[in-house]
> 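Quick one: structure below, then a few questions.
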Amino acid sequence: MLSIPPFKKKMMPLLLALGVSGAASGADLLDTFRSAQRNDPVFAAARAVQQAGQEKLPQGRALLMPSVNLTANSTYNDQTTQYKGVTPFPGGNNRYNSHGYGVTLVQPLYRQQNWIAYSAAELQVAQSEAQFNIAGQDLALRVAQAYFDVLIAQDSVQLSEAQQTAIAEQLAQAKRNFELGSATITDTHEAQARHDLTHAQQIAAQNNLEIKQRTLQQLTNELPKDIRPLGKQFKLQAPQPADMESWVNDAQQNSPQLAIAQAAAELADKEVTRNRGGHYPTVDMVANYAKSYANGGSFGVGSDSSNKSIGVQLNLPLFQGGAVNSKWREAEANRERARQELENTRRSVTLQTRSAYLGVVSGIAQVQALQQALTSSESVLEASKLGQEVGVRTNLDVLNAQQQLYATRRDLYQARYNYLLSQLRLKAAVGALGEAELVNVNQALH
């Protein structure tokens, strides 16, 4: 990145506010979001969780596939045989080695629990996808919040500097008037007190800006320098459609939080069925092949042997100490819990959507009201200055009007950022927050 001369660094916030800086080279909201996608550890962890969740499907499919096991052995034998009675077989001690190997194949033919586990794996994959979707939307909201927090912190620094400059002029004027005898020392003290207070506020604003920049750095792993502020492209747009219930219905259909809760309820149903299947028989096809070698034996003669078998094996559980029935009851209780959590999520999504919709609508009204208040505050300040010149307003009146003007301007900036965030939250509530929505917000920046 090109180096910036010290005097330009000091002037950068003001130039950004006036829209005459080289903002084209600064990072905008979309650039910051893409940087966070690459560098945010929370999102990286969510991506790893999603990748792990994808493995549930092949694991569930493996329960339906054949399993093959290989066994091998090598044994040293020390055998002593003493026969009783008359026998033609010789007794004595035999020492020999024996070894062999075997292969066993088991193909499940009927295992009701395995089929349920496989279908449950599909739901678990869907859950992991929805969770990753939520992580992506959460990242977008965290980036937008941190980005706008930096902007409002920059605005606060600029406003405090401008306010201090204006009060410094008022202080100088009060001192001149006192020297000329046209004002009392009280006017000077009032201006000096307000000047000191504004200086303290400026220090606090600088500190807050540093904190907000570090917060954004945590997401992108780089310290923001000259991010783009709001520009003339900023426009107030009502939600489309302008019907709260339409947004609520959309959220009920597409909310990823609701999709996760729905999948959890279906998983709980399948878990009940799976545990009920603990009483069911299982049927497997079993095939074996074994080969063994021995260089000695009971009669001192070695042997080679092989065995091949294939068949069907039935297993019927009869009694496991009551564990099957206990797990069944446990699964039914968990199913009821999942149903209640689904209902709670449905209500929460409805409330979240309504709140986000009202946030956009009220945000528009607040911005419009503050724009009008800003115009009124500018008029009050001009009138107060004129009144001071003709003697119908005091120095304190002018100071109060200045403070009101800068407070209104700061509130207006904050309301604009809150409005943009409310737009993104509304999109997130219906599961539709992505890069396209960030592009729309990004158009409001220089």
Side-chain angles (χ1 to χ4, degrees), residues 13 16-21 23-24 26-33 137 140-156 158-159 162 212 216 227-251 254 351-381 404-446:
L16 285 172
L18 296 175
V20 297
S21 70
D28 57 18
L29 180 60
L30 193 58
D31 295 333
T32 306
F33 173 69
Q137 293 191 145
L141 289 175
R142 287 189 291 122
V143 168
Q145 181 71 66
Y147 188 95
F148 292 139
D149 282 348
V150 172
L151 289 183
I152 189 61
Q154 289 179 346
D155 292 338
S156 297
Q158 296 161 19
L159 289 172
K212 298 306 182 183
L216 186 56
I227 63 176
R228 300 186 190 180
L230 288 182
K232 296 181 180 180
Q233 298 299 321
F234 173 79
K235 295 180 181 179
L236 296 173
Q237 296 179 342
Q240 294 298 328
D243 178 23
M244 184 187 299
E245 295 307 315
S246 296
W247 287 92
V248 171
N249 293 335
D250 194 6
N254 301 304
L351 177 60
Q352 179 182 357
T353 305
R354 293 183 189 276
S355 298
Y357 181 88
L358 292 174
V360 175
V361 174
S362 63
I364 293 175
Q366 188 175 20
V367 170
Q368 291 174 338
L370 286 170
Q371 286 174 340
Q372 183 61 42
L374 180 62
T375 302
S376 300
S377 296
E378 291 172 346
S379 300
V380 169
L381 178 58
Q404 180 62 39
L405 173 62
Y406 290 114
T408 303
R409 185 168 288 146
R410 183 171 55 250
D411 291 342
L412 175 59
Y413 292 159
Q414 184 68 70
R416 287 175 175 176
Y417 300 136
N418 289 340
Y419 159 74
L420 293 175
L421 284 171
S422 295
Q423 279 192 322
L424 297 178
R425 291 191 182 103
L426 180 58
K427 289 293 186 177
V430 299
L433 178 57
E435 277 202 12
E437 286 65 38
L438 292 179
V439 168
N440 292 335
V441 173
N442 205 51
Q443 292 175 353
L445 306 176
H446 282 301

> Examine distances only and state if a side-chain atom of W247 and a backbone atom of P241 form a donor-acceptor pair shorter than 3.5 Å.
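Indeed, once roles are kept as given, a pair shorter than 3.5 Å links the two residues.
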> How many angstroms lie between atom CG of N442 and atom CZ of F33, to the nearest 0.5 angstrom?
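Those atoms lie 11.5 Å apart.
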> Quick check: closest heavy atoms across I364 and Q237, and the distance to 0.1 Å?
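Reported closest heavy-atom pair: CD1-O, 3.5 Å.
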> Between Q372 (side chain) and A369 (backbone), is there a donor-acceptor pair under 3.5 Å?
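Such a contact is absent between Q372 side chain and A369 backbone.
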> Are a donor atom and an acceptor atom from the side chains of Q404 and T408 found within less than 3.5 Å of each other?
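Yes, side-chain donor-acceptor contact under 3.5 Å.
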> Any heavy-atom pair between the side chains of T353 and D250 that's under 4.5 Å?
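When only atoms from C-beta onward are counted, T353 and D250 do not touch, as no gap falls below 4.5 Å.
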> How close do K427 and E437 get, counting heavy atoms only, and between which atoms?
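K427 and E437 have their closest heavy atoms at CG-CG, 3.6 Å.
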> Can you see whether Y417 engages D155 through a side-chain donor-acceptor pair at a distance of less than 3.5 angstrom?
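Distance-only check passes for Y417 and D155.
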> Verify the distance criterion only: is there a donor paired with an acceptor across the side chains of N418 and Q414 at less than 3.5 Å?
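Per modelled atom types, N418 and Q414 side chains form a pair under 3.5 Å.
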> Could you tell me whether the side chain of Y147 reaches within less than 4.5 Å of the side chain of R228, counting heavy atoms only?
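In contact.
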> Would you say the side chain of Q154 lies within less than 4.5 Å of the side chain of P229, judging by non-hydrogen atoms?
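No, too far: nothing below the 4.5 Å cut-off.
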> Is there a donor-acceptor pair under 3.5 Å between the side chain of S379 and the backbone N or O of T375?
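Yes; judged by distance alone, with no hydrogens or angles, the pair exists.
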> Using 0.5 Å steps for rounding, measure from the CZ atom of R416 to the OH atom of Y419.
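Here the rounded value is 11.5 Å.
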> For A428 and L141, work out which heavy atoms get closest and say how close.
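Smallest interatomic distance, heavy atoms only, reads CB-CD1, 4.1 Å.
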> Any side-chain heavy atom of Q352 sitting closer than 4.5 Å to one from R425?
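Contact flag for Q352/R425 side chains = no.
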> For the residue pair D28 and T32, what are the closest heavy atoms and their distance?
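So the minimum-distance heavy-atom pair works out to O-OG1, 2.8 Å.
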> Using side-chain heavy atoms (C-beta onward) and a distance below 4.5 Å, is R409 in contact with L370?
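R409 vs L370: side chains apart.
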> Do you know which two heavy atoms are closest between Y413 and I152, and how far apart they sit?
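Closest heavy-atom pair between Y413 and I152: CB-CD1, 3.7 Å.
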> Step by step, work out the side chain to side chain donor-acceptor pair (under 3.5 Å) result for Q145 and D149.
CA-CA 6 Å; Q145 181 71 66; D149 282 348; 3.0 Å; yes
> Working to the nearest 0.5 angstrom, can you tell me the gap between L433 CG and Q137 CD?
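Result: 5.0 Å between the selected atoms.
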> Let me confirm one number: the CG-CG distance from D31 to L438, rounded to the nearest 0.5 Å.
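Reported to 0.5 Å precision, the distance equals 11.0 Å.
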> Just to verify, which of N440, V143, V441, V360 counts as forming a side chain to side chain contact (heavy atoms under 4.5 Å, CB included) with L424?
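Only one of N440, V143, V441, V360 forms a side chain to side chain contact (heavy atoms under 4.5 Å, CB included) with L424, namely V441.
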> Give, for atom CD of Q371 and atom CG of L374, the distance between the pair rounded to the nearest 0.5 Å.
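Atom-to-atom, Q371:CD and L374:CG are 8.5 Å apart.
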> What's the spacing between L381 CG and S376 OG if we round to 0.5 Å?
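Output value for this atom pair is 12.5 Å.
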